[in-house]
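Everything below concerns the one structure shown next.
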Amino acid sequence: MDIKISNSLIQAVSADAILVSLYEGVDISSGATGAVDMALNGAVSELVNAKDVRGKLNETAILYTRGVMPAQRVIVVGLGKIEDISLERIRQAAAAGAKKARELGCKTIASCVFGASSMDISSAAQSMVEGTLLGLYRWRKNHTSPVEREDVDSLTLVESNALKIEALESGSSMGQSVASGVYCARDLVNQSPNNMTPAALAESAQNMANAGLNCMVHDLEWIQSQNMNAYLSVAQGSANPPKFIEMEYKGSDEPPLVFVGKGITFDTGGISLKGADGMEDMRSDMSGAAAVIGAFKAIAKMKLPVHLVGLIAACENMPSGTAYRPADVVRARNGKTIEIINTDAEGRMTLADALSYAAEFKPKAVIDLATLTGACVTALGQNVAAGYFANDDSLAQKVNEASNASGESYGACLYMLNITTRSRPTMQISRIAPEPAAE
């Protein structure tokens, strides 16, 4: 999608639809919504007075301008109560408006920045762009049937104050970078497992490599040389060879923050075979790896001043004559032996060796992202997206703050266990590495 910034009046913009926001129970006589209402001879006020639209979060209503404005339609989008405004509400409302525009067949949309009078305009603009792009995401790569409605081609953010344009441009750029990373992760997870093999996952990471982002893909011989036998035990049942993906973004000279993503591109459970119901969802057992790759893409685009290392032990967990078995004993990279009880506990096997390798970077922290176990749902309850624990309270607090700012809502801390609420259960383990010994 083409994202533009325009220094103009919203009521003067030409587009298939313009989006205006509406707070619940707040007078609309001022601001962009008031200007559009005046241009339409009070049509927005009529909707509000008739209670056809109340301004509830994500509520939408449509008005046709009948030639009195350059835009063909006005889509009124609810933001909820003004005291509850947040960046996440801006994302949601922008997504709701954009999806309504696509439903109507609009190709071009324009909007003032929602919530700009109450929040930092650059952050609000970033949230507008994120919400619009993420709301319009859809997976079409393996589909042959045509879509009912084509995608929206462009979004124009409109601001009448020329002094705010630079802030809008900065926020828009950040929003596009974040959305590109999320799109990358979603595309990887949505791809079918016959197309998203360990080699294909590695190729996706390599394709992002540029002047600021390095990616090395290690083959079976290298993995063997590293004595990653826990990882190899899982991989040995598949005809698709494992690939160990090592990424680095060096935006600073500080010790790195290491992201380790679980990269099981398909998980049958191995010899301890899963039930058939829902096994197709096991293509998403590499979503920890997808999140790492997507994060690197966004961070590299934003050129953040951080030093990151990303590690992914990619493989499939398949049953075969060469698969590892319950009662096998394998020696991990760090020398510890592991007795296999259930081959469907493959995630901790691959991650054990990846985490051992991560320690060699002398990182200031390690963030391990994994779709690790359904036991997380059993322990924490339904509608839990992520259970995570940390051995550093400060790091856990930073994860909470980032979670809140990005719209990944989180719950209260229980001992060292924190809960977030989203749709797919995952587990994240965050651990601070020890300080290197003094020389």
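FYI, side chains are in, hydrogens and waters are out, and symmetry mates aren't considered; it's all heavy atoms of this structure.
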Exercise for review: Please test Val182 against Leu133 for side-chain contact (heavy atoms from CB on, under 4.5 Å), starting from the C-alpha separation and ending with a verdict.
Suggested key: CA-CA 10 Å; Val182 177; Leu133 293 174; over 6 Å; no
Exercise for review: Go through the steps to decide whether Val74 and Val76 satisfy the test side-chain contact (heavy atoms from CB on, under 4.5 Å), and finish with yes or no.
Suggested key: CA-CA 6 Å; Val74 174; Val76 182; 4.3 Å; yes
Exercise for review: Decide side-chain contact (heavy atoms from CB on, under 4.5 Å) for Val260 and Ile367; before the verdict, give the C-alpha distance in whole Å, the side-chain angles of both, and the deciding distance to 0.1 Å.
Suggested key: CA-CA 6 Å; Val260 181; Ile367 309 293; over 6 Å; no
Practice item. Please assess Asp267 against Thr371 for the test side-chain contact (heavy atoms from CB on, under 4.5 Å), listing each intermediate value before the final yes or no. Key: CA-CA 11 Å; Asp267 179 22; Thr371 47; over 6 Å; no
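Applying the side chain to side chain donor-acceptor pair (under 3.5 Å) test to Thr378 and every residue at least two apart in sequence or in another chain returns nothing. Not counting sequence neighbours, Asn41 has no partner by the side chain to side chain donor-acceptor pair (under 3.5 Å) test. By the side chain to side chain donor-acceptor pair (under 3.5 Å) test, Ser272 is found to be paired with Asn342, Thr343, residues two or more places apart in sequence or in another chain being considered.
With hydrogens and angles ignored, the 3.5 Å screen pairs a side-chain donor or acceptor of Ser180 with a backbone N or O of Ser177. For Ser173 (side chain) and Glu169 (main-chain N/O), no donor-acceptor pair under 3.5 Å exists by modelled atom type. In this structure, Ser29 contributes its side chain and Gly34 its backbone to no donor-acceptor pair below 3.5 Å. With Thr197 contributing its side chain and Ala200 its backbone, the two residues share a donor-acceptor pair below 3.5 Å. Proximity of a side-chain donor or acceptor of Ser154 to a complementary backbone N or O of Thr108 within less than 3.5 Å is not detected. Between the side chain of Arg149 and the backbone N or O of Glu103 there is at least one donor-acceptor pair closer than 3.5 Å. Listed for the Asp353 side chain is a donor-acceptor partner under 3.5 Å among the backbone atoms of Tyr231. With Glu203 contributing its side chain and Ala199 its backbone, the two residues share no donor-acceptor pair below 3.5 Å.
Around CD of Glu166, the count of heavy atoms belonging to other residues, nucleotides or ligands within 6.0 Å does not exceed 12. Residue Asn142 qualifies as enclosed at atom CG: its count of foreign heavy atoms under 6.0 Å is above 12. Heavy atoms of other residues, nucleotides or ligands lying less than 6.0 angstrom from NZ of Lys274 number more than 12. Residue-environment remark: CD (Glu148) stays at or below the threshold of 12 foreign heavy atoms within 6.0 Å. Annotation: Met119, atom CE; neighbour count of heavy atoms from other residues, nucleotides and ligands within 6.0 Å is above 12.
One finds no salt bridge joining Asp16 and Arg73 here, because no Lys/Arg side-chain nitrogen approaches an Asp/Glu carboxylate oxygen to under 4.0 Å. At a threshold of 4.0 Å, the pair Glu24-Arg54 does not count as salt-bridged, since none of the basic side-chain nitrogens sits closer than that to a carboxylate oxygen. A salt bridge is absent between Lys398 and Glu401: the closest approach of a Lys/Arg side-chain nitrogen to an acidic carboxylate oxygen does not fall below 4.0 angstrom.
The distance from atom CD1 of Ile121 to atom CD1 of Ile165, rounded to the nearest 0.5 Å, is 8.0 Å. Here the straight-line distance linking atom SG of Cys106 with atom NZ of Lys100 works out to 10.5 Å at 0.5 Å rounding. To the nearest 0.5 Å, atom CG of residue Asn214 and atom CZ of residue Phe296 are 10.5 Å apart. The structure places CE of Met279 at 6.0 Å from OG1 of Thr268, a figure rounded to the nearest 0.5 Å. To the nearest 0.5 Å, atoms OH (Tyr64) and CD1 (Ile62) are separated by 5.5 Å. For the atom pair Thr65 OG1 and Leu63 CG, the distance stands at 9.5 Å (nearest 0.5 Å).
Contact record, Ser45 with Asp37: OG-OD2, 2.6 Å, taken as the closest heavy-atom pair. Counting all heavy atoms, side chain and backbone alike, Gly263 lies closest to Ala289 at CA-CB, 3.8 Å.
Using a 3.5 Å distance cut-off with no hydrogens or angles, the side chains of Ser172 and Gln176 do pair a donor with an acceptor. In summary, the side chains of Asp281 and Ser284 do not present any donor paired with an acceptor at a separation below 3.5 Å, with no hydrogens or angles considered. Remark: the Glu88 side chain and the Asn404 side chain contain no N/O donor-acceptor pair separated by less than 3.5 Å. There is no side-chain donor-acceptor pair under 3.5 Å between Ser122 and Asp120.
Residues Val178 and Leu134 are not in side-chain contact: their nearest non-hydrogen atoms beyond the backbone lie 4.5 Å or more apart.
The residue from Asp285, Asp368, Thr350 that alone fulfils the side-chain hydrogen bond (donor to acceptor under 3.5 Å, both in side chains) condition with Lys262 is Asp285.
The stretch residues 180-194 participates, sequence neighbours left out, in these salt bridge (charged side-chain N to carboxylate O under 4.0 Å, His left out) pairs: Lys141-Asp187. Pairs passing the side-chain hydrogen bond (donor to acceptor under 3.5 Å, both in side chains) check and including a residue from residues 241-261, sequence neighbours excluded, read His218-Glu246, Glu246-Tyr357, Glu248-His307, Glu254-Lys364.
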Determine all donor-acceptor pairs shorter than 3.5 Å in which one atom belongs to a side chain in residues 3-12; sequence neighbours excluded.
residue, atom, partner, partner atom, Å
Ser6, OG, Ser8, OG, 2.8
Asn7, ND2, Glu159, O, 3.0
Asn7, ND2, Ser160, O, 3.1

